[in-house]
Amino acid sequence: MENKHKLLLIDGSSVAFRAFFALYNQIDRFKAPSGLHTNAIYGFHLMLTNLLERIEPSHVLIAFDAGKTTFRTKMFSDYKGGRAKTPDEFREQIPFIKEMIEKLGIAHYQLVDYEADDIIGTLDKMAEAPDVSFDVTIVTGDKDMIQLVDSNTTVEISKKGVAEFEAWTPEYLMEKMQLTPAQFIDLKALMGDSSDNYPGVTKVGEKTALNLLHEWGSLENIYANVESLKKSKMKENLIADKEMAFLSQTLATIDTVSPIEIGLDDTVYSGPKVDELSKFYDEMGFSQFKTKLNVQNGDTSEEIQAAAEKIDFKVINASDEISVDANDFYYIEILGDNYHKEEIIGFAWGNDKEVFVSKDLSVLAKLTLPVNTYDYKKNRVLLNRIGVTATLPNYDGMLAKYLISTTEDNKISTISRLFDNGSLRTDEEIFGKGSKLAIPSDEVLFASLAHKVHTLAVSKDKMLDALEENEQISLLTEMELPLAEVLAKMEIQGIYANKETLEVIGQENEERLSVLTKEIYDLAGEEFNINSTKQLGVILFEKLNLPHGKKTKTGYSTAVDVLEGLAPIAPVVAKILEYRQVSKVQSTYVKGLIPQIAEDGKIHTRYVQDLTQTGRLSSVDPNLQNIPVRLEEGRKIRKAFVPSENSTLLSSDYSQVELRVLAHVAQDPNLIAAFKEDADIHTSTAMRVFNIAKAEDVTANDRRSAKAVNFGISYGETEYGLARRLGIPNKEAGTIIKTYFERYPEVATYIEKTKRDAKEKGFVSTMFNRRRKLPDINSRNFNVRNGAERQAINAPIQGSAGDILKIAMINLDKALTEMKLNAKLLLQVHDEIILDVPNQELDKVKALVKTTMENAVQLSVPLKVDENTGTTWYEAK
DNA sequence: CCCTTCACG
DNA sequence: ACGTACGTGAAGGGA
């Protein structure tokens with residue numbers, strides 16, 4: 001096969017500008033030793049690295065604007081006029097960006113009288129000549145270059161930060177705006193461009209321009225038919241501004257035959273000039289890039305150490321005396337994440353002054369604890385596997401970092417960056433990733449372990465200060481740390497899963513799937529891969545010509561709601577829906593779970609304690625928080641989950657806990673009253689919103705609507721969303737929401753206050769001071785901002801409910817121990833816990849779980865717990 | 001590796 | 001003028 005070349009063309013001026021503003025809020029952090037600001041240089045580098053890794057181009061060119069005046073200013077003197085002066089902090093960085101580009105082995109170019117766009121357009125056309133045929137990716141900060149997209153040119157526009165781009169292709173342009181690339185020029189001709197400062201046609205914005213183009217196809221055709229437009233202000237404007245429209249069209253058109261003096265051969269990507277680049281990084285103070293560069297070029301560990309920071313350590317063997325102090329940290333390394341299966345490959349302990357490392361497990365067993373940790377739960381499980389019981393410390397670096405901020409991950413390398421000097425290399429750098437994951441040499445491994453312990457020790461005080469500042473100390477010591485112990489025990493305990501039961505279900509599924517497959521092939525008139533949405537789309541919407549609803553960015557959507565609409569008119573669709581259901585159960589829950597059953601006949605999930613934005617847990621490897629329940633089809637899977645001998649499964653769940661939390665935090669009298677009366681909350685809302693006097697007069701449909709509103713409110717639902725969900729007109733949904741807020745006025749006040757608070761402080765909190773930062777809450781982008789507002793409304797509710805169950809679990813574990821009961825907590829599913837209870841303890845434990853959960857905290861409304869028991873999880877629900 | 005789909009609260 | 005509910009994890013397809 002022909003090896004296709006890939007050309008990456010970057011609008012350096014606009015990307016640099018984007019980079020500058022992406023890191024503008026941290027401008028003071030980015031300073032070279034010389035005092036030069038480096039945020040744009042750094043951000044530009046990040047973007048570049050990201051693009052080079054993702055696109056793997058063979059050729060790259062970065063084009064810059066040459067100066068203020070261009071051939072366009074000669075045509076229209078106001079072109080790009082009226083722009084705010086570029087900040088000095090930005091301008092001073094441009095020469096360094098160019099220097100960096102050269103050292104990275106990338107070509108850059110600018111041309112007097114022309115813009116970067118024209119250079120890129122010209123090279124793009126050269127790269128499309130039949131004898132060369134490159135794949136071209138153009139990267140820029142604004143939409144002007146969308147006109148260049150075609151079958152082998154993609155335009156990526158920087159969206160957010162330094163890593164997010166929106167990729168424009170002809171298909172995407174058609175889907176988003178129903179325009180061809182050439183029409184995009186006419187769009188700008190009509191609507192003008194405020195940043196390039198040409199006006200287009202008076203009063204014509206994007207919407208009107210799109211309507212005109214959809215109707216007439218081109219600017220020329222609009223004017224050819226302008227007289228046939230019905231009399232309106234718009235028609236007058238079009239006629240009056242005709243000249244400006246065509247001038248704008250010319251200004252908007254990129255010159256693809258500009259007189260550039262370079263060719264494609266000059267854009268070959270040669271790769272970094274390591275020594276020069278390394279020196280440049282020193283000048284800029286980019287220690288992380290330097291470390292990475294050294295690693296990529298296979299330097300010995302010694303040199304890596306020199307580039308990073310050398311942490312001294314002592315290697316300890318089984319026969320050595322060891323010393324450990326309660327203020328020390330310890331850290332245990334495994335390859336990958338699954339601490340139920342992976343072997344310990346080394347460990348370290350110590351403090352910011354001295355660190356010890358070892359690979360000898362007998363040494364690990366001698367470490368008498370408590371000692372500060374990083375991911376206590378992991379250590380507790382790993383030590384348990386070698387017969388050692390870990391002791392809970394008062395501080396855990398991972399949990400502390402998670403509580404301080406959920407915006408980033410909580411890796412030690414991230415802690416190093418945020419709370420130390422950032423010299424710690426990432427695990428990916430040390431161990432590789434994917435298929436290349438491997439244990440490094442002892443030398444590298446030990447250095448890395450020592451550095452981790454050092455980082456944890458150095459960062460502890462700063463992180464405690466941050467927790468103190470946030471009033472989160474007790475959240476760490478009284479919630480997350482004790483919970484880590486409870487979760488560790490649950491994970492170690494595991495839940496029995498019956499392989500035979502799963503196999504029987506699997507057998508039945510296979511038979512059904514093979515029948516369904518045949519039926520679908522028959523109805524479709526051909527064989528195809530039913531699991532492929534792409535192939536399915538072709539069958540349904542091209543071959544069978546069914547009406548397609550929404551489209552995804554890759555093709556037709558075949559999601560359930562779309563298919564459900566088609567089922568009545570095409571029998572094959574009903575079969576496909578049934579196939580999907582069975583196939584989901586088969587692949588994820590039968591085929592997926594069987595290999596997860598360990599030798600002890602149990603499944604041991606891992607709860608991720610430091611991930612969610614709201615404070616909930618998540619469950620992985622396997623996920624036991626999404627075992628089917630809603631449809632009988634999948635619910636059968638629960639028959640495979642069983643208690644230990646002479647025991648029963650007990651499932652206890654909070655009833656409407658999030659709405660109760662809402663009632664409490666909002667202090668809404670009507671909502672509180674409803675819960676105090678133990679009313680059916682959805683019926684109660686229906687009565688209030690639809691003005692129904694008696695509960696028995698509430699129809700099923702009223703209740704369904706009320707239920708949708710009750711849930712929607714805590715997610716910040718909009719009128720449009722509710723209308724769609726209920727299949728009613730927007731206006732009607734609007735009335736329902738409006739009435740809801742009249743009946744529950746304090747809920748309305750609470751939501752407004754929460755949004756205001758979030759905008760002011762940049763974060764929201766749960767009842768227990770857990771925080772969620774909302775960096776987008778003041779975004780100028782309507783969608784992004786609205787999204788953040790919904791998160792602001794939801795996070796305190798979902799998060800407080802999560803915190804409440806965490807408290808209940810800690811209290812319950814304690815009570816079970818104190819009462820010397822043998823019942824064991826097995827699983828947690830957000831508002832529900834599942835226990836394995838010896839039959840003779842059942843009554844006692846049932847009552848204990850209920851009271852413990854209902855009294856975890858005192859709210860203005862009662863907490864209510866429902867319970868179910870059974871000899872399988874299927875029955876206990 | 002990203003996208004889509006679908007399982008749960 | 002813009003798209004649409006919050007929070008997750010896993011599997012399969014296809015580049």
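Each of A/Lys176 and A/Gln535 was matched to the nucleotide of DNA chain C holding its nearest heavy atom; the match closer to the 5' end belongs to A/Lys176. Between A/Thr208 and A/Asn529, the one whose closest nucleotide on DNA chain C sits nearer the 5' end is A/Thr208.
Going from the P atom of B/dT5 to that of C/dT4 covers 14 Å, rounded to whole Å. Of the C1' atoms belonging to B/dC8 and C/dA5, the separation is 16 Å, rounded to the nearest Å.
Other residues, nucleotides and ligands contribute only 12 or fewer heavy atoms inside 6.0 Å of the NZ atom of A/Lys753. No more than 12 heavy atoms of other residues, nucleotides or ligands lie within 6.0 Å of NZ in A/Lys203, so this atom counts as exposed by the packing criterion.
Phosphate proximity of C/dT4 to A/Arg724: absent, as no side-chain N or O sits under 4.0 Å from OP1 or OP2. For A/Asn783 and C/dG3, the shortest distance from a side-chain N or O to OP1 or OP2 is below 4.0 Å. An OP1 or OP2 oxygen of C/dG12 is reached within less than 4.0 angstrom by no side-chain nitrogen or oxygen of A/Thr533. Dashed line: the shortest gap from a side-chain N or O of A/Thr554 to OP1 or OP2 of B/dT4 is under 4.0 Å. At C/dA15, one or more side-chain N or O atoms of A/Lys534 fall inside 4.0 Å of OP1 or OP2 (strictly under the cut-off).
Here C/dA5 is the nucleotide among B/dC6, C/dA5, B/dC1 with the atom lying nearest to any side-chain atom of A/Glu717. When each of C/dG7, B/dC8, B/dT5 is scored by its nearest atom to the side-chain atoms of A/Ser557, the top-ranked nucleotide is B/dT5. When the nucleotides C/dG14, C/dG7, B/dT5 are ranked by their closest atom to the side chain of A/Ser532, C/dG14 comes out on top. Here the side chain of A/Thr612 is nearest to one of C/dA5, C/dT8, C/dG14, namely C/dT8. The side chain of A/Arg725 approaches C/dA5 more closely than any other nucleotide in the set C/dA5, C/dG14, B/dG9. Side-chain proximity of A/Phe782 to C/dG3, C/dA5, C/dT8: nearest is C/dG3. Looking at the side chain of A/Gln613, the nearest of the listed nucleotides C/dC6, C/dT8, C/dA1 is C/dT8. Taking the side chain of A/Thr718 as heavy atoms from C-beta on, and the options B/dC8, C/dT4, C/dG9, the nearest nucleotide is C/dT4.
With both pairing distances under 3.5 Å, C/dA1 is matched to nothing as a Watson-Crick or G-U wobble pair. Pair check for C/dG13 finds B/dC2; Watson-Crick or G-U wobble, both atom distances under 3.5 Å.
Backbone-only contact: A/Ser619 has heavy atoms under 4.0 Å from sugar-phosphate atoms and none from a base. Across all strands shown, A/Arg635 has no heavy atoms under 4.0 Å from either base or sugar-phosphate atoms. Contact annotation for A/Asp621: backbone-only contact, meaning every heavy-atom pair under 4.0 Å involves sugar-phosphate atoms and none involves a base. Contacts of A/Ala167 with the nucleic acid, taken as non-hydrogen atoms under 4.0 Å apart, are absent. Among the atoms of the strands shown, only primed sugar atoms or phosphate atoms (P, OP1, OP2) are found under 4.0 Å from some heavy atom of A/Val560. Backbone-only engagement by A/Arg790 is indicated by non-hydrogen atom pairs under 4.0 Å involving sugar-phosphate atoms exclusively.
The separation between A/Gln625 atom CD and C/dG9 atom P is 9 Å, rounded to whole Å. Atoms CG (A/Asn730) and C1' (C/dC2) sit 14 Å apart, rounded to a whole Å. Protein atom CG of A/Asn623 is 20 Å distant from nucleotide atom P of B/dT5, rounded to whole Å. In this structure, A/Tyr579 atom OH and B/dT5 atom P are separated by 15 Å, rounded to whole Å. Summarising the geometry, the separation between CD1 on A/Ile627 and P on C/dA10 is reported as 11 Å, rounded to the nearest angstrom. Atom CD1 of A/Ile793 is separated from atom C1' of C/dA5 by 10 Å (rounded to the nearest Å). Protein atom CG of A/Asn626 is 11 Å distant from nucleotide atom C1' of C/dA11, rounded to whole Å. As rounded to whole Å, 9 Å separates atom P of C/dG9 from atom NE2 of A/His830.
For the segment residues 584-592 of chain A, the set of residues with a heavy atom within less than 4.0 Å of an atom of DNA chain B comprises A/Lys584, A/Tyr589, in numerical order.
Donor-acceptor pairing under 3.5 Å, judged by distance alone, is absent between the side chain of A/Ser618 and the base of C/dT8. For B/dG9, its base sits under 3.5 Å from the side chain of A/Arg630 at one donor and acceptor pair at least. Side-chain atoms of A/Gln798 come within donor-acceptor range of the base of C/dC6, with a qualifying N/O pair under 3.5 Å.
A/Arg580 and A/Thr558 share a donor-acceptor pair across their side chains, judged by distance under 3.5 Å alone. Inspection of the A/Thr685 and A/Asn710 side chains reveals an N or O donor paired with an N or O acceptor under 3.5 Å.
Checked against the 6.0 Å centroid criterion, the rings of A/Tyr740 and A/Tyr744 qualify as a close aromatic pair. Taking the six-membered ring where the residue is Trp, the centroids of A/Tyr339 and A/His604 are separated by 6.0 Å or more.
Considering every non-hydrogen atom in both A/Val689 and A/Thr739, the closest pair reads O-CG2, 3.4 Å. Between A/Leu624 and A/Ser619 the shortest heavy-atom distance is N-OG, 2.8 Å.
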Check against side-chain hydrogen bond (donor to acceptor under 3.5 Å, both in side chains), A/Asp610 and A/Asn410: CA-CA 7 Å; A/Asp610 69 329; A/Asn410 310 304; 3.1 Å; yes

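Residue ring and base: A/Tyr720 counts as stacked with C/dT4 (centre distance below 5.5 Å, interplanar angle below 30°).
Look at A/Glu867 and A/Lys877 and you find no salt bridge, because none of the NZ, NE, NH1 or NH2 atoms lies under 4.0 Å from a carboxylate O.
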